[in-house]
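One structure is given below, encoded as structure tokens.
No experiment lies behind these values; they were computed from the predicted model shown. Below, chain A is the first sequence line, B the second, and so on; all start at residue 1.
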Amino acid sequence: MPLDLSLLNPQQRQAVLTTEGPVLVLAGAGSGKTRVIAHRVVHLLERGVPAKAILAVTFTNKAAAEMKERIARLAGGTPESRRVLVSTFHAFGVRVVREQHGKVGLPARFAILDAGDQAALVKRLLRDLKVDDKRFDVGRLLGILSRLRTGGAPGHPDDEYELCAAELLPKYELGLRAMGAVDFDDLLILPLKLFAEHPEALEQYRARYRYLIVDEYQDTNDPQLKLLELLAGLRRNLCVVGDDDQSIYAWRGAQVRHIQQFDRKFPGCVEIFLEQNYRSNGNILEAANAVIGKNPGRKPKRLWTDRGRGPNVRVVAAPSDEEEAKHVADEIIRISYEEKIPPREIAILYRTNAQARPFEEALRLAGVRYRVVGGTSLFDRKEVRDLIAYLKAALNPRDEIALLRIVNVPARGIGDQTVAKAQELTRARKCPVWDVFSDAPAELAHAAGRIVEFVALMRKYGGRLGAKGFSEAARELVEEVGLFEEARRGAQNVAAQARKLEAMEALLRQLIEYEKREEQKAAERSLASGADDGEPFASGLSGYLNRLALDSKEADGEGGDAVTLMTLHGAKGLEWRCVFLCGLEEGLLPHSGRGFDDAGVEPRAEGALNLEEERRLCYVGMTRARERLVLTRAVERVKRGKPVPRTPSRFLEDIPPDLVDLIDLSGPRPAAPKAVQEAKARSFFASMTELLGDPEPAGQAPARPGRAPR
DNA sequence: ACCGGTTTTATTTTT
DNA sequence: TAAAACCGGT
């Protein structure tokens, strides 16, 4: 059945039908841009463009998965529609690097370093340079390295960080190559290098992907733009969709000017404005417009809606962060009773992950189901990282970061002395540490015996982890090495102990599931005639690890009906009927980068307090709400143990007072309304029932909080 | 080399 | 406040 375009507005329709040449779609918040992209893809398919010729790029893997689903649904679930390539820039990079690994000097199974691994590498390089690694903030160095490598603006040339990073740069890249590993930037840089050095490879990709669509274009960085230019070639079938008002990744190299100057890069492009908002009530939209309106240099847009005004925006001042959280919890209960808004339609948004704590506590106390997205995930836990390092090291002993991380965990008598000696030999012979371990253990004095054992261990599992049954091998490895005991020993109390063990178990379970799924897919594929190249990642454990680096904390399990807690960055592209935007205080939103102890303003020389971007962040948060928006702040906030007075965010002053209901919670807290009390009592009984082992209560809000275990 | 207790230090956002 | 870094005794 043919695609029905009659439900689109004229601008949306134009964006769908203009299939040839460069197109810029400026899509305001809630203007139906995902819808437009999906329709555009399906329209292309109907015009006879083969699915394999379409590449749609999204910003996150989650967005990619949703887009795929949406396209398939819109196309009536045809197999052809599922062959459209929807991926992130980085996942696309993995695909290219994997397909062409020989030409970029990488093994077929390369590792992808995450931020922690990168930091470990830089620390090691600093030590090699005999620079005091305490004088430099490694994270900041990594930021500069990234800018240097991706061709960002040069910093001040005699800044000591710039100098240090410049000296580090070649060693860093050599280190990566020696390990057969890449970092995030490499996934963009290496394809660019490949295309520059091997024009025939570029031609191959140009011929393959004839229609390009990019979502969240305002968040692209320079290498990403270059990649698009190269792929688009003379054909220039490039459609970019985005909103300059929602550019919130400048700190990662994103350039708003890409979207603002698209017409200069692609002259003759068609420019389409989507200005009708289908998401938010009038009051919410007007308040958001008032906040964003203060930014200079925007693409002129006037978002409008034909929905009603809805209730006023609520602005709440709580005496403390704790009270702020309690109030939100109470309101959630009240709203879900009075207005029948289910938890899954409610979100609590904040600027920093650290703000989640009090909310978690208050919600747990109130018996509201919730789910924290992002933040410290399973994979940031030390014990899990150790486990992963074991897997990486056994699979690829050249991965020194992983190898050195676990060589003495749990303690097996290979201490700092021995490791330092080995690294010395490494430098002298210009060979990987692994070779020293495996070929010349005798030179490592009395630890020699231990080393031999360790090498044997790695060899024993290296093969098994690279083959079928790797999830089983992983468990055996963990048991043989004694990682469970190690975790148990390192825990302060019983609860922490249990958490550690559970985290490791969760990872092992995930491995089992991953392997099972992969086997299923392989079976299906061998049945279907066309042996497909659709798989961008390597197979087996190494594919899992690759995915992990790019994917890590995208919660894919829905985890039931729960209130969502996440950062503003995480919230982009999502929407809820009711949104609590919290911590509207100077120094927090707008965030001021460094010490905002008292007054909150201590501007730093570089990059601190990007007010325009903070404003956009606030705008993004506000426009997530469909029906109801609540902005909260605390008069006093506990920071680092001690309470600190806070001043209201300047963004609050930008909202016209007639759109606002002001609520001041200073003074004693009034008794909770009846509905709240009832709900609390209910959830208390529910949790009792649960404790006593009865089957899951049928009512809503059992008291167990849910942290999405992806 | 290892262990336990003590001190310091860090706090943005993430592919 | 909590986790990481550090120190000194075994």
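Annotation for Q218(A) and D243(A): closest pair OE1-N, 3.0 Å, computed over non-hydrogen atoms. For the residue pair V419(A) and L404(A), the shortest heavy atom distance occurs at CG1-CD2, 4.1 Å. Residue G621(A) comes nearest to V579(A) through the heavy atom pair O-CG1, 4.1 Å, listed as atom of the first residue, atom of the second, then distance.
Both A91(A) and T418(A) lie close to DNA chain B; mapped to their nearest nucleotides by heavy-atom distance, the more 5′-ward contact belongs to T418(A). Of the residues near DNA chain B, A354(A) and A411(A), the one whose nearest nucleotide (by heavy atom distance) lies more toward the 5' end is A411(A).
Residues in residues 563-573 of chain A take part in these salt bridge (charged side-chain N to carboxylate O under 4.0 Å, His left out) pairs, two or more places apart or across chains: E216(A)-K572(A), D219(A)-K572(A).
One distance of note links CG of L169(A) with CG of L141(A); it measures 11.5 Å at 0.5 Å rounding.
Look at CD on E322(A): it is 11 Å from P on dT1(C), rounded to the nearest Å. Residue L589(A) contributes atom CG, which lies 11 Å from atom C1' of dT12(B) at whole-angstrom precision. Here the P atom of nucleotide dT1(C) and the CD atom of Q355(A) are 18 Å apart, to the nearest Å. Between the CG atom of L617(A) and the P atom of dT14(B) there is a distance of 10 Å, given to the nearest Å. R357(A) has its CZ atom 7 Å from the P atom of dA3(C), to the nearest Å. Rounded to whole angstrom, the span from the CZ atom of F59(A) across to the P atom of dT13(B) amounts to 15 Å. Protein atom OH of Y350(A) is 10 Å distant from nucleotide atom P of dT13(B), rounded to whole Å. The separation between D183(A) atom CG and dT15(B) atom P is 15 Å, rounded to whole Å.
Contacts between residues 565-576 of chain A and DNA chain B, defined by a heavy-atom separation below 4.0 Å, involve T567(A), H569(A), listed by number.
Residues satisfying the ring-ring contact (aromatic ring centres under 6.0 Å, His included) criterion with H569(A), sequence neighbours excluded, are Y249(A), W251(A). Take Y172(A) and apply the ring-ring contact (aromatic ring centres under 6.0 Å, His included) test, not counting sequence neighbours, and it matches no residue.
Figure legend: R140(A) and Y161(A) shown as a cation-pi pair, the cationic atom lying under 6.0 angstrom from the six-membered ring centre and within 45 degrees of its axis.
Helical stems involving DNA chain B, defined as 3 or more consecutive Watson-Crick or G-U pairs under 3.5 Å, span B:1-10 with C:1-10.
Between dA1(B) and N408(A), no contact under 4.0 Å exists linking OP1 or OP2 to a side-chain N or O. Side-chain nitrogen and oxygen atoms of N221(A) include none within less than 4.0 Å of the OP1 or OP2 phosphate oxygen of dT15(B).
For the residue pair E99(A) and Y205(A), a side-chain donor N or O sits within less than 3.5 Å of a side-chain acceptor on the partner.
Taking the ring centroids of Y209(A) and F92(A), they lie under the 6.0 Å cut-off. Aromatic pair F580(A)/Y350(A): centroids not less than 6.0 angstrom apart.
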Output one line per pair: protein atom, nucleotide atom from nucleotides 7-10 of chain C, and distance, for all N/O pairs under 3.5 Å.
none

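Screening R633(A), H591(A), R650(A), R646(A) for a side chain to side chain donor-acceptor pair (under 3.5 Å) involving E585(A) leaves a single residue, R646(A).
Rounded to a whole angstrom, the distance from the C1' atom of dT13(B) to that of dA4(C) is 23 Å.
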